[in-house]
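Below is one structure; the comments refer to it alone.
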Amino acid sequence: MRALDWLVVFAYLVWIVHDGLKRSKATDEVEGYFLANRSLPWWAVGLSVMATQLSAITLVGTTGQAYADGMRFIQFYFGLPIAMVILSVTLVPFFYRARVFTAYEYLEQRFDLKTRTLASILFLCSRGLSCGVIVAAPAVILSIVLGWNLTITILAIGLPTVVYTMLGGVQAVTWTDVKQMGVIVGGLIAAVAVLIIGLPHEVGVFDALHIAGSVGRVNAIDFHFDWRQTYTFWSGLLGGLFLMLSYFGCDQSQVQRYLTAKSIDEGRHSLLMSAYFKIPLQMIVLLTGVFLFVFYLFNQPPLLFNTEHAKEVKESARATDYEALNAEFAQAFARRREAASAIAAATDDSARAAASDALRTSNAAIKDIRMRAATLVNEVTHDDKYKGTTGDTPAADVNYVFPTFIVSRMPIGLVGLMIAAIFAAAMSSIAAELNSLATATVIDVYRRLLKPQASDAHYLTVSKFATGAWGIVACIVASFAVGLGSLIEVVNRFGSIFYGSLLGVFILALTFRRATGTGAFVGLLAGIAVVLVFAFHPATRSVSYLWHNPLGVIVVLIVGGAVSLVSAPRAVESVR
């Protein structure tokens with residue numbers, strides 16, 4: 001990066017932090033610190049919700065996912081609009097009228113303390129893991145840009161964010177998120193423009209999409225039903241629906257957002273923004289990854305995008321083997337570029353079909369060479385740094401594709417803008433997660449179980465310590481998350497272990513009047529246990545993680561309902 005890029009990064013971060021803190025009001029009270037005294041406008045809350053999702057993990061993980069696997073990831077969001085409508089009609093007015101700080105407070109009102117505590121602890125586990133993955137995404141970028149050790153990079157991102165979250169409260173987080181949306185979308189548009197300009201003059205936008213389509217990169221919808229496939233129409237519509245209902249309806253990081261709105265209607269409108277705009281916005285992110293793939297058909301990419309791993313091999317006794325693979329890769333790239341050019345120049349269907357076959361063949365050869373390079377890295381480092389693939393790319397390489405393009409191909413100034421946008425978005429998302437983790441820790445655990453009678457000042461102090469502790473946990477998780485493959489998949493795999501079961505216990509509470517606290521508690525434990533078996537047992541590990549969400553719901557309803565019927569009945573009135 002040049003001096004101008006660093007200036008852009010520095011100026012942007014200073015502006016974001018200063019403006020966010022300036023907007024913080026009434027953060028000397030618990031309700032002001034956690035819920036902004038329920039005073040935020042719907043459009044700010046809605047943009048905040050979307051900005052949290054469109055974080056650095058989206059820019060790094062999803063663009064890399066589309067580069068390696070195409071547009072299929074868009075199916076993941078097919079259940080989102082339906083979920084937003086359902087939640088707007090049901091849980092938004094319900095939680096708002098209950099005047100709760102956390103979603104799990106209601107479970108004590110409806111069931112008992114042990115169910116509330118278990119649900120809150122499960123949220124803390126799932127969101128603590130996910131927050132670590134969100135820290136890992138920008139750490140990937142800094143480690144490439146600065147050549148820093150990854151652990152140092154994670155701390156450099158995580159520690160300032162912890163301080164910012166301690167001081168700002170939810171108002172600073174929300175207003176910072178609003179600005180992220182404009183800057184991130186602007187950065188994406190700039191990246192797509194650079195990608196298109198970087199193509200050969202004879203290759204237009206439609207030619208680029210046609211070339212990408214010849215190797216399946218623009219195939220967005222797959223109606224084939226297969227439990228093992230994560231991205232199909234059915235897994236997105238059904239499994240994704242349960243995931244989105246769980247995430248936006250039972251996850252404190254999202255429930256806390258619409259609880260900050262001025263009214264029930266404004267809380268509803270904030271969710272409906274995602275129903276209307278999330279899928280088009282995600283299409284832009286994925287198209288960036290597709291154009292990235294086409295760009296590297298005509299501009300030679302590195303053999304491995306992770307330069308740190310490549311450097312380890314080059315400095316080892318196996319350097320000659322790596323250079324031989326590099327030479328083979330260059331020859332395969334030349335054949336692939338020739339095939340891609342032939343598709344763009346084809347004037348009839350037969351010529352286009354022949355060129356498409358040649359592109360698929362050469363792309364398969366590229367994949368084979370890259371996997372051999374990944375195996376070489378594992379042999380040199382005596383560690384399984386590269387495990388499996390995402391599409392036709394080594395899984396551990398996916399997260400490095402877009403950052404490599406930014407720092408090596410984008411012009412001066414725009415590099416700084418992209419880095420600033422990604423880092424600011426990451427810090428904002430991390431801040432939001434840490435704020436919700438602190439809320440659940442203090443409200444559901446500390447204030448309820450340990451010290452129920454204390455002043456607001458005391459609880460605020462504890463909240464800041466809790467924020468710091470969760471920040472440390474996130475940094476530790478981040479150091480392991482980078483090597484797990486596509487980060488956007490990792491964060492959703494973590495969440496899917498817990499989300500369905502949490503949704504199940506809320507459905508049980510709202511729809512089954514005879515449900516008891518014991519039934520809900522046992523059902524929740526059973527749901528988590530079954531999902532863990534499906535997630536990690538060799539016989540069921542091939543089942544896509546999206547199906548873990550409806551599975552958790554079904555198990556909680558069946559077990560919880562059965563235990564409730566055989567346990568001592570008692571009159572249960574829903575809290576309205």
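Nothing fancy with the numbering, it's 1 onward along the sequence.
Sorted by first and then second residue, the side-chain hydrogen bond (donor to acceptor under 3.5 Å, both in side chains) pairs with a member in residues 183-209 form an empty list; sequence neighbours excluded. Under the side-chain hydrogen bond (donor to acceptor under 3.5 Å, both in side chains) criterion, no residue pair touches residues 296-305, with sequence neighbours excluded. Within the structure, salt bridge (charged side-chain N to carboxylate O under 4.0 Å, His left out) pairs that include any residue of residues 65-74 comprise Asp69-Arg72 (at least two apart or interchain). Applying the salt bridge (charged side-chain N to carboxylate O under 4.0 Å, His left out) rule to pairs touching residues 347-363 yields Asp349-Arg352, Asp357-Arg360, sequence neighbours excluded.
Considering only residues two or more places apart in sequence or on other chains, Ser130 meets the side-chain contact (heavy atoms from CB on, under 4.5 Å) condition with Arg127, Val491, Phe494. Legend: residues meeting side-chain hydrogen bond (donor to acceptor under 3.5 Å, both in side chains) with Gln252, ordered by chain and number and at least two apart, are Gln256. Applying the side-chain contact (heavy atoms from CB on, under 4.5 Å) rule to Ala119 yields the partners Tyr104, Leu107, Leu502, Leu524; only residues at least two apart in sequence or on another chain are considered. With sequence neighbours left out, the side-chain contact (heavy atoms from CB on, under 4.5 Å) criterion links Ala358 to Ala339. With sequence neighbours excluded, the residues satisfying side-chain contact (heavy atoms from CB on, under 4.5 Å) with Val415 are Met1, Asp5, Ile406, Met410, Ile419. Residues that satisfy the salt bridge (charged side-chain N to carboxylate O under 4.0 Å, His left out) test with Glu379, not counting sequence neighbours, are Arg318.
Side-chain atoms of Ser246 and Asn549 form no donor-acceptor pair, as typed in the model, at a separation below 3.5 Å.
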For residues 368-376, dump all side-chain donor-acceptor pairs below 3.5 Å to protein atoms at least two apart in sequence or in another chain.
| from | atom 1 | to | atom 2 | distance (Å) |
| --- | --- | --- | --- | --- |
| Asp368 | OD2 | Arg372 | NE | 3.2 |
| Asp368 | OD2 | Arg372 | NH2 | 3.2 |
| Arg370 | NE | Leu303 | O | 3.1 |
| Arg370 | NH1 | Tyr67 | OH | 3.4 |
| Arg370 | NH2 | Pro302 | O | 3.3 |
| Arg372 | NH1 | Glu328 | OE1 | 3.3 |
| Arg372 | NH2 | Glu328 | OE1 | 3.4 |
| Arg372 | NH2 | Glu328 | OE2 | 2.7 |
| Thr375 | OG1 | Met371 | O | 3.0 |

Please tabulate, for the side chains in residues 530-537, all donor-acceptor contacts under 3.5 angstrom to protein atoms that are two or more places apart in sequence or on a different chain.
| from | atom 1 | to | atom 2 | distance (Å) |
| --- | --- | --- | --- | --- |
| His537 | ND1 | Ala539 | N | 3.0 |

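A tilted orientation is assigned to the rings of Phe76 and Tyr545, their planes being inclined by 30° to 60°.
Proximity of a side-chain donor or acceptor of Ser501 to a complementary backbone N or O of Phe498 within less than 3.5 Å is not detected.
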For side-chain hydrogen bond (donor to acceptor under 3.5 Å, both in side chains), just list the numbers for Asp251 and Tyr499, CA-CA rounded to whole Å, side-chain angles, deciding distance to a tenth of an Å, and then say yes or no. CA-CA 8 Å; Asp251 190 294; Tyr499 284 154; 2.9 Å; yes
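Looking at heavy atoms from C-beta onward, Pro81 lies in side-chain contact with Ile279 at the 4.5 angstrom threshold. Side chains of Phe295 and Val290 form no contact here, defined as non-hydrogen atoms less than 4.5 Å apart.
Exactly one of Asn363, Leu195, Val401 qualifies for a side-chain contact (heavy atoms from CB on, under 4.5 Å) with Phe293. That residue is Asn363.
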